[in-house]
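Single-structure report; data block below.
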Amino acid sequence: MSTTRRGEAQAPDGTAIAYRTHGDGAPVVLVHGTGLSQVVWRGLGYVEALSGYQVVTLDLRGHGRSGRPTAPADYTSTRFASDVVAVLDALAIPRAHYLGYSLGARTGFTLLDTHPDRISSFVSLGGTHRATAGGPAEVFFPDFDEALRLGGMTEFVERWGRHRGAPLDPQTALAFMANDPDALRAILAAIEQEPGVPTDRLRHVTTPTLLLAGDRDRARWEAAAEAAHVMRDARAVTLEGADHATTLSDRAHVVAHVLPFLQAVPVPEPSRCP
């Protein structure tokens, strides 16, 4: 793999968005889930598995090395989508494959709705186009906001582990401990209000789409099946035995579906944004 290159883009509202590029070839953008950062893609082996592509990773606002505003209004799906477009613009990439996990997948649905010309293909990993009220309590635990308000990230990680019945794995715990609790509170409050992309608007999407969801991640699987039914060029695939968290961590299983999908998508010769 070629040398990693780091950079920083600026979203339209002035928020700094950190990114990295790895390798050369057709560009594929990887976008993380809530509370994670771009380092998860290298840590879990996705960057290496996608060698042969120009892999672009980024920290969505409120995560990693990007800017961390603390108002829920700063964390709408439209704002997250603008972070991705800002990175593509900074790299002069007109179109890219897109793979998003959870929040990253939800951001991908917004991009399909608002900037379909920038996406060559879309892989949703544990994502949904639907409204996400109640999502944080389901994915984490019901009193997540109280934990963040009273005890910051330490309390959040400890209560999440108790709710799961087992401590978080060290990599996930380390990733979440790096978050700013006020920014994460704002992100989760915004998710509670997120309206999603109406199903009727998905009927007009022609972008080749692969929707992956675990059979133990029921809400995301049902959303994937619905989206695959209405979109023109989409299919849903079940990841057997996976819940929301293990959907991402089972990299070998995911990549076994993703690589053939990407290879089947015709991509124009690389060009540069003006």
Side-chain angles (χ1 to χ4, degrees), residues 30-36 40-41 44 46 49 77 80-81 97-113 119 121-142 144 160 163-166 168-169 172 187-188 191-262 264-265:
L30 308 181
V31 184
H32 60 81
T34 304
L36 299 174
V40 71
W41 300 113
L44 291 176
Y46 283 85
S77 281
F80 284 127
H97 298 295
Y98 183 101
L99 187 157
Y101 165 65
S102 193
L103 172 61
R106 181 160 57 82
T107 300
F109 277 108
T110 300
L111 283 167
L112 288 183
D113 187 44
I119 305 300
S121 71
F122 174 47
V123 178
S124 168
L125 188 56
T128 181
H129 64 285
R130 296 174 174 175
T132 49
E138 177 196 353
V139 171
F140 300 114
F141 53 96
F144 62 88
W160 188 13
H163 181 74
R164 295 172 70 247
L168 300 181
D169 66 88
T172 300
I187 292 166
L188 296 177
I191 289 173
E192 289 284 357
Q193 303 298 320
E194 179 55 49
V197 177
T199 303
D200 281 348
R201 293 224 288 268
L202 293 181
R203 298 181 191 279
H204 306 291
V205 174
T206 59
T207 306
T209 297
L210 176 64
L211 304 149
L212 301 174
D215 59 355
R216 295 173 57 197
D217 187 12
R218 196 65 192 173
R220 261 62 62 180
W221 168 245
E222 290 175 355
E226 179 183 51
H229 179 72
V230 301
M231 295 171 72
R232 298 187 186 183
D233 187 4
R235 63 188 176 93
V237 174
T238 305
L239 299 176
E240 299 291 341
D243 59 19
H244 192 67
T246 54
T247 292
L248 177 67
S249 59
D250 190 1
R251 182 261 306 157
H253 197 183
V254 170
V255 170
H257 292 289
V258 170
L259 279 178
F261 170 73
L262 294 180
V265 176

Practice prompt. Could I get the full list of salt bridge (charged side-chain N to carboxylate O under 4.0 Å, His left out) partners for Arg232, not counting sequence neighbours?
Written response: none
Discussion item. Filter on ring pair (Phe, Tyr, Trp, His ring centres under 6.0 Å), then keep only pairs touching residues 198-235, sequence neighbours left out; what's left?
Written reply: none
Item to complete: Just jot down the side chain to side chain donor-acceptor pair (under 3.5 Å) partners of Thr172, sequence neighbours excluded, or say none.
Response: Asp169
Worksheet item: Quick one: side chain to side chain donor-acceptor pair (under 3.5 Å) partners of Arg203, sequence neighbours excluded?
Response: Asp200
Item to complete: Compare all side-chain heavy atoms of Leu188 with those of Phe144 and state whether any distance is below 4.5 angstrom.
Response: yes
Item to complete: Report yes or no: does Thr209 contribute a side-chain atom to a donor-acceptor pair with the main-chain N or O of Thr207 at less than 3.5 Å?
Response: yes
Worksheet item: Quick check: does any side chain N or O of Thr107 sit under 3.5 Å from a backbone N or O of Leu103, one acting as donor and the other as acceptor?
Response: yes
Practice prompt. Return yes if some donor-acceptor pair links the side-chain N/O of Glu240 with the main-chain N/O of Gly214 below 3.5 Å, else return no.
Written response: no
Fill in: Phe140 side, atom CZ; Trp160 side, atom CH2 - distance, nearest 0.5 Å
5.0 Å
Discussion item. What I'd like to find out is whether the side chain of Pro208 reaches to under 4.5 Å of the side chain of Phe261, using heavy atoms alone.
Written reply: yes
Worksheet item: Is there a side-chain contact (heavy atoms from CB on, under 4.5 Å) between Thr110 and Phe80 once you walk through the steps?
Response: CA-CA 9 Å; Thr110 300; Phe80 284 127; over 6 Å; no
Worksheet item: Is there side-chain contact between Leu125 and Leu239, with heavy atoms separated by less than 4.5 Å?
Response: yes
Response to the item:
Closest non-hydrogen contact found for Ala228 with Leu211 is N-CD1, 3.6 Å
Worksheet item: Is there a side-chain contact (heavy atoms from CB on, under 4.5 Å) between Val237 and Leu210 once you walk through the steps?
Response: CA-CA 8 Å; Val237 174; Leu210 176 64; 3.8 Å; yes
Worksheet entry | For Leu262 against Ser121, the heavy-atom pair lying closest together | CD2-OG, 3.6 Å
Worksheet entry | Partners meeting salt bridge (charged side-chain N to carboxylate O under 4.0 Å, His left out) with Glu138 (sequence neighbours left out) | Arg220
Response to the item:
The ring-ring contact (aromatic ring centres under 6.0 Å, His included) partners of Trp41 (sequence neighbours excluded) come to Tyr46
Worksheet item: Can you say whether the rings of Phe122 and Phe109 are parallel (under 30°), tilted (30 to 60°) or perpendicular (over 60°)?
Response: perpendicular
Fill in: Heavy-atom pair with the smallest gap, counting every atom of Ala224 and Ala236
O-CB, 3.9 Å
Worksheet entry | Partner residues of Arg251 under the side chain to side chain donor-acceptor pair (under 3.5 Å) criterion, sequence neighbours left out | none
Worksheet, complete the sentence: Hits for side chain to side chain donor-acceptor pair (under 3.5 Å) against Arg201, two or more places apart or cross-chain, chain-then-number order -> Asp113
Practice prompt. Determine whether more than 12 heavy atoms belonging to other residues, nucleotides or ligands lie under 6.0 Å from atom CZ of Arg164.
Written response: yes
Worksheet item: Ser77 and Arg106: which non-hydrogen atoms are nearest, and at how many Å?
Response: OG-NH1, 2.7 Å
Discussion item. Quick check for you: to the nearest 0.5 Å, what is the distance between Arg235 atom CZ and Leu212 atom CG?
Written reply: 8.0 Å
Item to complete: Apply side-chain contact (heavy atoms from CB on, under 4.5 Å) to Leu30 and Val40, showing your working.
Response: CA-CA 10 Å; Leu30 308 181; Val40 71; over 6 Å; no
Fill in: Working for side-chain contact (heavy atoms from CB on, under 4.5 Å), residues His129 and Leu112
CA-CA 10 Å; His129 64 285; Leu112 288 183; over 6 Å; no
Fill in: Under the salt bridge (charged side-chain N to carboxylate O under 4.0 Å, His left out) test, residues paired with Asp250 that sit two or more places apart
none
Discussion item. With a 3.5 Å distance limit and no angle check, can you tell me whether Thr132 reaches the backbone of Ile191 through a side-chain donor-acceptor pair?
Written reply: yes
Worksheet item: Looking only at heavy atoms, what is the nearest atom pair of Gly127 and Ala105, with distance?
Response: CA-CB, 3.5 Å
Worksheet entry | salt bridge (charged side-chain N to carboxylate O under 4.0 Å, His left out): pairs with one or both residues in residues 122-135, sequence neighbours excluded | Arg130-Glu226
Practice prompt. May I ask you to test the Leu36-Leu248 pair for a side-chain heavy-atom distance under 4.5 Å?
Written response: yes
Fill in: Qualifying residues under ring-ring contact (aromatic ring centres under 6.0 Å, His included), relative to His257, sequence neighbours excluded
His253
Worksheet entry | Counterpart residues, salt bridge (charged side-chain N to carboxylate O under 4.0 Å, His left out), relative to Arg216 (two or more places apart) | none
Item to complete: Return the minimal non-hydrogen interatomic distance between Ala242 and Thr247, and the atom names on each side.
Response: CB-OG1, 3.8 Å
